[in-house]
Amino acid sequence: MMNIADKYDVITIGAGHAGCEAALAASRMGARTLLLCLYLDSIAMMPCNPSIGGPAKGHIVREIDALGGECAAAADASTRHLRWLNTSKGAAVRALRAQCSPRLYSDHYRSALLSEKNLDLHQAEAAELLIEKGEVNGVKIKTGQKFYSECVILATGTYLDSVIHIGLSSHKSGPLGMVAATEFSRSLQRAGLEIGRLRTDTTPRLHFDSIDWDSLDCQRSIEEPQAFSNFGEKRLYGGMVCGLTRTNEETHRIIRKYFPQSPLYTGRLGTEGPRYCPSIDDKIIKFPEKDSHPIFLEPISSEGREVYVQNFSTSMCLEAQFESVRTIKGCEHAHILRPGYAIEYDFIPPTQLFPWLESKAVKNFFLAGQINGTSGYEEAAGQGLIAGINAALRLRGEEPFVLGRDESYIGVLIDDLVTKGTKEPYRMLTSRCEYRLLLRHDNAADRLCAKGRRIGLLSGEKWEKYLKCCERLERERERLSSFKIHPTDEVNEKLARVNSSALSEGICLTELLRRPEVDWETAAELCGSELEPELGRKISDELKYEGYISRQRRQVDKFRRMELLKIPPHIDYSRIKGLSAEGRGKLAEIRPATLGQASRIPGVPPTDIQLLWVAVKSARENRAAE
């Protein structure tokens, strides 16, 4: 039982994807944790698209799982439709994307939270951050009670002072009509944190039975057992289809007709929305030459009969939404259950954070998720996991846990945020990652399981599963390296089927797999392999990209030399002669932890990095001499 005045090790505010992962990570690492949320029934809610994964986002989910987080297991427990994306673009960017049941997804997280022995849940609105001598020591809730703790993690999503816009009408509200958190922002300002405003949009939700599914091109799940979790049971998913359709000139004409009632067009929305996921009205404004845009109709749940209209987010008035939706093929008689809307909310510009997501202004205060300017469930969950880990490590007196850009997509995400900041909702993309071949969907466990085990987050059971998988892979690699393929008629016939040249002499199977056109399925047939197809494809990809991977590893070695050179936290940039005015200002504002991070700050030229390198080395030599 929880007592009101109890002191906790960690308090997490918010139970979205970031808050859930943060609370679970901290409690699983031994910290007595309290999770405060506005409404217990909205735990891990999916207010936008009920999907998990896709390029870059799917990589993050696998990384969370490899470290010991919960997101992949929640996705597997609620998946109703599963696809591979980017299959034609190579192994580096290939990723899973699942359509999930929001209710089952939320239920999985709720069950995981309630099952943790070190974790208490409490429904309340946080009103004030308690600070003493520049260090956080708890949270005061709206009803006046105070909860004390060593660390606090803020993961409030889009709820801080949030406003919903539908046409020219606006009102205070959180996502999907939830209550907004109106008081906590003032507490953050008093603590010395700068606050900004961002916006995101969502789509109308249609009644399943009002759609003419027979007139649409339909997309079914993949016909192979799969799972997001590195440790989960792979399953087939059937029974649900997504519909493919498009907007047309009439759709665009109607939307233009209602521009005078559009908060976006009339300038009532003074905030930045997500550039990589613009609303349909924004697309029509920015791309007037296009007379059509693709639309995906994605069922949300069989219980609610709701359908999400992917690529049709909008803040237009209700009349515009009803009329424009019904011009789309398959939606001529569609009934809107919930209108689309724009939501504006407070966020903390993330350059105010250290790379381990602790506030520079308030000690032991960590921030994670959309409060840091990101968009998407996966980006939020990845940050929440890192914040929870670092809160627990702070209690142990251990060094912060920071993932490098060469180690994970989570590392790229956080480094981008704290180094470059963002003026729009940040979305993780594969193009943001310079070491994509090293950070594949299939090798997340190899990259991160040992780290998760070392910090005490990855369970012993999962660690044993990972080790057994490694053993199976190594045995098969050794077998394949000595397996000889001879130029028989049967072999050459199978090679001809994949447009590969015939053999004139014997060849090692690993050499054959290096041919771009020879897939794992063909190789497995030739050598009689019983290895799971997913693991076999991993071996195949490693062989095919071996040269490129070696080159990227050499680049990483060079990159790490800069990352290893730490900058003293209290260095006085005004004393370094020769720095440009802009570079000096940027360095003083961001206060980078390493020379590598400094080199990625926009506005800091290479000449400034060279001067900084000399200054840091000189300071180190002076300290050593003393």
Side-chain angles (χ1 to χ4, degrees), residues 12 15-29 33 35 43-46 50-54 57-83 95-119 121 155 221 225-237 301 368-369 376-386 388-389 408-410 441-442 444-445 447-449 451-453 455-466 468-469 532 534:
T12 298
H17 297 74
C20 288
E21 289 292 347
L24 286 169
S27 59
R28 286 169 176 173
M29 290 174 67
T33 305
L35 177 59
I43 284 173
M45 188 172 71
M46 297 175 121
S51 70
I52 292 292
K57 292 170 174 282
H59 292 70
I60 290 174
V61 175
R62 292 279 280 192
E63 291 171 357
I64 292 168
D65 186 65
L67 287 167
E70 198 66 29
C71 187
D76 289 340
S78 57
T79 293
R80 302 177 66 239
H81 185 275
L82 193 65
R83 300 284 297 180
L96 284 172
R97 181 176 184 267
Q99 288 295 125
C100 300
S101 161
R103 182 175 298 178
L104 294 177
Y105 187 86
S106 176
D107 285 348
H108 178 93
Y109 263 114
R110 186 180 297 103
S111 176
L113 293 164
L114 290 170
S115 300
E116 280 301 319
K117 62 181 180 180
N118 285 328
L119 178 61
L121 275 71
S221 287
Q226 264 303 337
F228 260 111
S229 176
N230 297 276
F231 319 102
E233 179 187 348
K234 294 177 173 59
R235 289 182 291 168
L236 281 169
Y237 299 94
S301 67
Y377 311 135
E378 302 87 351
E379 291 93 333
Q383 292 175 74
L385 184 77
I386 299 302
I389 288 170
S408 69
Y409 272 82
I410 296 173
H441 184 277
D442 65 12
R447 292 183 275 119
L448 299 174
C449 275
K451 294 179 183 292
R453 185 63 181 159
I455 60 176
L457 184 56
L458 189 71
S459 70
E461 180 185 358
K462 289 180 178 179
W463 177 243
E464 287 300 319
K465 282 186 178 180
Y466 167 66
K468 287 178 182 177
C469 179
E532 299 96 305
E534 187 174 3

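Nothing fancy with the numbering, it's 1 onward along the sequence.
Note that the CD1 atom of I64 and the CD atom of Q383 stand 10.0 Å from one another [nearest 0.5 Å]. We find the CG-CD1 distance between L121 and I43 to be 5.0 Å, quoted to the nearest 0.5 Å. For the atom pair NZ (K462) and CZ (F231), the distance works out to 6.0 Å, reported to the nearest 0.5 Å. Rounding to the nearest 0.5 Å places CG of L96 at 9.0 Å from OG1 of T79.
The ring pair (Phe, Tyr, Trp, His ring centres under 6.0 Å) test applied to F228 returns no partner, not counting sequence neighbours. Taking the side-chain hydrogen bond (donor to acceptor under 3.5 Å, both in side chains) definition, one finds that R447 meets it with E63, N443, sequence neighbours left out. Under the rule for a ring pair (Phe, Tyr, Trp, His ring centres under 6.0 Å), the partners of Y466 that lie at least two apart in sequence or sit in another chain are W463. When the side-chain contact (heavy atoms from CB on, under 4.5 Å) test is applied to A155, the partners found at least two apart in sequence or on another chain are A18. Listed by chain and residue number, L467 satisfy the side-chain contact (heavy atoms from CB on, under 4.5 Å) test with E464 (two or more places apart in sequence, or in another chain).
With hydrogens and angles ignored, the 3.5 Å screen pairs no side-chain donor or acceptor of Q99 with any backbone N or O of R80. Without hydrogens or angle criteria, S27 side chain to N118 main chain gives no donor-acceptor distance under 3.5 Å. Side-chain N or O atoms of R97 include none that pairs as donor or acceptor with a backbone N or O of R83 at under 3.5 Å. Distance alone, capped at 3.5 Å, places no donor-acceptor pair between the S106 side chain and the A44 backbone.
In terms of heavy-atom proximity, A227 sits nearest to R62 at O-NH1, 3.7 Å. The two residues L236 and P225 make their nearest non-hydrogen contact at CD2-N, 3.6 Å. Here the shortest heavy-atom pairing between C100 and I52 reads SG-CG1, 4.1 Å. Counting all heavy atoms, side chain and backbone alike, E116 lies closest to L24 at CG-CD2, 3.6 Å.
Note on residues 67-78: pairs passing salt bridge (charged side-chain N to carboxylate O under 4.0 Å, His left out), not counting sequence neighbours, are R28-E70.
Taking the six-membered ring where tryptophan is involved, the planes of Y105 and H17 are tilted, since the angle between them lies from 30° to 60°.
Between the side chains of D65 and S229, at least one donor-acceptor pair of N or O atoms lies under 3.5 Å. No hydrogens or angles considered: nothing links the side chains of Y237 and Q226 as a donor-acceptor pair under 3.5 Å.
Using a 4.0 Å cut-off between a side-chain N of Lys or Arg and a carboxylate O of Asp or Glu, E532 and K234 do not qualify as a salt bridge.
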